[in-house]
Amino acid sequence: MSGHPHGLGGHPDGPPDGGFDLRAFLASLPNRPGVYRMIGEDDVLLYVGKARDLKKRVSSYFNRGEQSPRIAHMIARIVRVEITETRSEAEALLLENNLIKSAAPRYNILFRDDKSYPYLRITDHAFPRLVYYRGPTDKRGRYFGPFPNAWAVREAIQALQKVFRLRTCEDSVFANRSRPCLLHQIGRCSAPCVGLVDAQAYAADVDAAVRFLQGGQREVLAELEARMHAAAAELRFEEAAVLRDRISALARMQTRQSMETGQDIDADVIAAVVRGGRVCVNLAMVRGGRHLGDKPYFPVHAADAGDAGTVAEIVEAFVAQHYDGLPVPAVLVVDGVAPDEALLEWLQQRAGHAVQWIRQPQGLRHEWLELARRNAELAIARLLSEEGSQKARTRALAQVLGIDDGSDLDRLRAECFDISHTMGEATQASCVVYQRHEMQRGEYRRFNIEGITGGDDPAAMRQVLARRYASAPVPDVVLIDGGAAQVAVARQVFADIGADIGALVGVAKGEGRKVGLETLVFADGRAPITPGRESAALMLVAQIRDEAHRFAITGMRARRARARQGSRLDEIEGIGPKRRQRLLARFGGLRGIMAASVEDLASVEGISRTLAEEIYRRLH
């Protein structure tokens with residue numbers, strides 16, 4: 001690859017002094033594949049694109065033909081173009097993806113980088129375990145998925161428990177049980193922990209579960225029926241009844257799977273719908289012939305979508321960004337969009353196998369696509385409804401706070417702080433962000449509060465505000481969960497750092513701490529306001545405040561748990577950081593260590609028999 005910058009002198013039509021020759025610039029571009037980057041003022045990256053022929057593609061932007069509003073807006077801001085030649089268009093696609101991911105250019109169609117899909121995992125233990133798993137896959141165990149959401153994985157685990165009765169418990173629990181747990185009593189585990197099923201029978205259940213997940217539902221059902229009839233013929237009626245119940249559970253599961261094919265088919269179904277200036281790309285996942293559910297995506301910077309060309313561009317952007325780092329199934333059913341040759345080549349390189357791109361499916365695949373399209377319609381209708389109400393709430397809040405100056409409310413930014421602790425222990429502050437009419441979870445922050453008296457919330461608020469706004473710009477609204485005392489502390493901090501105290505708003509709880517009776521307290525001398533239960537502004541304030549409280553509570557609990565988990569071990573003489581880590585890694589946490597016997601503790605590297613006895617004595 002090679003890169004070259006080309007200056008446009010401030011505008012594609014040339015600089016005011018006429019020093020730029022557009023024709024010469026375009027003529028200098030190579031007829032080679034590569035990536036081009038549109039650069040604006042202050043070296044801001046506006047757009048990244050790939051091309052089979054750089055000269056033809058870049059020249060097309062500066063033709064006098066009509067451009068979409070998004071592209072026309074971008075062209076007016078270009079000051080220079082940089083190119084990088086590549087050996088192939090597929091290589092250009094890879095480079096384009098990397099640049100989009102790292103820089104998030106203003107005019108590219110962007111999908112949120114949500115690659116952490118959940119999997120169902122069957123571990124590689126002697127008695128394998130069913131696990132909900134999220135993260136990178138490896139060779140330790142078998143992975144099935146990805147699933148579109150956590151709910152789909154948990155539903156699958158529950159169904160598999162009913163049919164195959166595989167264990168789901170932690171290893172530390174499994175190793176230390178002396179009697180069957182509740183799951184065995186309700187028929188969802190065969191209790192290998194206490195020897196109620198032998199290794200061979202359990203392995204057969206694991207094998208059947210794997211074949212079921214891989215698409216062999218009919219084969220597994222036939223085997224269970226044969227075993228049931230055999231048990232009945234040999235007068236083992238209790239065993240036959242258990243098998244009958246498992247068959248019924250499997251049959252009910254098959255009934256719910258409307259996409260059941262009886263074949264080991266992996267496919268992704270992609271449907272795009274445009275409505276009300278918004279785009280929804282809906283992804284439905286079929287694995288092992290089973291429909292696992294779907295997930296809607298709403299791209300950023302696609303506001304001028306509508307014509308077929310733009311929709312095709314959106315779908316191609318989704319495919320390129322989605323499968324960058326995710327497994328590619330053998331079949332892609334794509335709603336009416338023809339495959340880009342470079343994109344298909346890149347997909348097959350990533351997959352390591354042939355990939356079918358089907359845009360006009362027939363039969364069952366057509367049913368898949370219709371269902372994905374209907375779900376996309378529902379998702380975008382729900383989004384538009386929610387956006388309408390959220391925009392109304394944003395405007396109502398701006399009006400109540402006196403900051404509705406007619407400007408674009410998409411830019412209004414509110415940050416909310418909350419302090420959380422337990423009797424002064426593990427104090428933590430949270431900061432959540434609201435902008436563009438929704439919570440911006442990627443911008444949330446937590447602050448560990450140190451050096452204050454436990455339970456001194458004003459001191460904690462003073463510390464977090466000073467730390468937050470020492471470097472970050474002050475937003476339009478800063479919400480403080482508290483009344484006049486908390487606002488007075490915040491006002492002093494803002495005065496010290498020279499920030500606008502008019503941005504500070506306290507949320508004081510009403511009489512009886514009832515929701516809807518809150519009062520908004522201002523730091524700049526304005527009279528407090530009690531908007532009332534029906535106020536859209538107060539509904540938004542309550543939403544943001546509750547999210548700050550939730551975020552603070554979860555962080556505080558995690559911090560407190562870590563502190564307590566380590567503290568009891570740290571109190572034991574002879575337990576340092578390395579031995580503590582080995583114990584926690586072996587037994588999965590303090591609860592597992594407490595359940596371990598002296599012999600189990602002594603089997604950990606670095607733990608002598610004498611130290612194991614001391615650990616056991618101190619924890620019991």
Side-chain angles (χ1 to χ4, degrees), residues 397 400-403 412-435 439 443-515 517-531 537-538 540-557 559-560:
L397 178 62
V400 165
L401 300 182
I403 57 177
L412 186 145
R413 181 182 178 95
E415 296 184 0
C416 183
F417 293 85
D418 186 45
I419 307 298
S420 187
H421 56 80
T422 301
M423 302 296 289
E425 180 188 1
T427 302
Q428 193 167 72
S430 72
C431 172
V432 300
V433 178
Y434 177 85
Q435 193 173 31
M439 304 306 300
E443 299 186 47
Y444 289 9
R445 295 291 181 271
R446 289 192 178 103
F447 300 83
N448 291 330
I449 304 300
E450 308 288 353
I452 67 169
T453 302
D456 188 349
D457 287 358
M461 185 63 70
R462 180 181 298 110
Q463 185 178 132
V464 68
L465 291 174
R467 288 167 59 184
R468 173 64 173 174
Y469 298 120
S471 56
V474 176
D476 303 288
V477 182
V478 177
L479 295 172
I480 306 297
D481 186 24
Q486 293 282 49
V487 171
V489 170
R491 187 185 190 283
Q492 185 59 54
V493 173
F494 272 41
D496 291 344
I497 63 177
D500 179 15
I501 62 173
L504 286 167
V505 181
V507 186
K509 297 178 176 62
E511 182 181 354
R513 306 174 72 90
K514 292 181 180 179
V515 176
L517 299 181
E518 293 89 346
T519 298
L520 303 183
V521 180
F522 300 96
D524 58 2
R526 283 179 285 170
I529 297 173
T530 304
L538 187 59
L540 178 56
V541 168
Q543 174 190 344
I544 299 171
R545 180 203 59 192
D546 292 348
E547 177 67 356
H549 186 61
R550 180 202 65 79
F551 190 60
I553 283 287
T554 55
M556 178 273 296
R557 287 174 178 168
R559 186 184 180 200
R560 182 185 64 194

Measuring from [X]:[atom1] to [Y]:[atom2], what's the distance to the nearest 0.5 Å?
| X | Y | atom1 | atom2 | answer |
| --- | --- | --- | --- | --- |
| Ile544 | Asp418 | CD1 | CG | 13.0 Å |
| Arg491 | Asp524 | CZ | CG | 8.5 Å |
| Ile529 | Leu401 | CD1 | CG | 7.0 Å |
| Arg545 | Glu518 | CZ | CD | 4.5 Å |
| Leu540 | Leu479 | CG | CG | 8.5 Å |
| Leu538 | Thr530 | CG | OG1 | 9.0 Å |

Give the minimum heavy-atom separation between [X] and [Y], together with the two atoms involved.
| X | Y | value |
| --- | --- | --- |
| Phe494 | Asp500 | CD2-O, 3.4 Å |
| Leu520 | Pro531 | CD1-CG, 4.1 Å |
| Gln486 | Asp481 | NE2-O, 4.1 Å |

Whether Ser430 side chain and Ala548 backbone form a donor-acceptor pair below 3.5 Å: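 Looks like yes, one N/O pair under 3.5 Å.
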Aromatic plane relationship, Phe417 with Phe447 - under 30° parallel, 30 to 60° tilted, over 60° perpendicular: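 Tilted: the ring planes of Phe447 and Phe417 meet at 30° to 60°.
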Residues in side chain to side chain contact (heavy atoms under 4.5 Å, CB included) contact with Val487, at least two apart in sequence or another chain: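 Scan of Val487 (side chain to side chain contact (heavy atoms under 4.5 Å, CB included), adjacent residues dropped) gives Val521, Ala523.
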Can you list, pair by pair, the side-chain donor-acceptor contacts under 3.5 Å of residues 464-476, counting residues two or more places apart and other chains?
residue : atom : partner : partner atom : Å
Arg467  : NH1  : Asn448  : O            : 2.8
Arg467  : NH1  : Gln463  : OE1          : 3.1
Arg468  : NE   : Glu415  : OE1          : 3.2
Arg468  : NH2  : Glu415  : OE1          : 3.4
Arg468  : NH2  : Glu415  : OE2          : 3.0
Tyr469  : OH   : Glu415  : OE1          : 2.7
Asp476  : OD2  : Arg413  : N            : 2.8

side-chain contact (heavy atoms from CB on, under 4.5 Å) between Phe522 and Val505, worked out: CA-CA 5 Å; Phe522 300 96; Val505 181; 4.1 Å; yes
Residues which pass salt bridge (Lys or Arg N to Asp or Glu O under 4.0 Å) with Asp496, listed by chain and number, not counting sequence neighbours: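 Salt bridge (Lys or Arg N to Asp or Glu O under 4.0 Å) check on Asp496 returns nothing, list empty.
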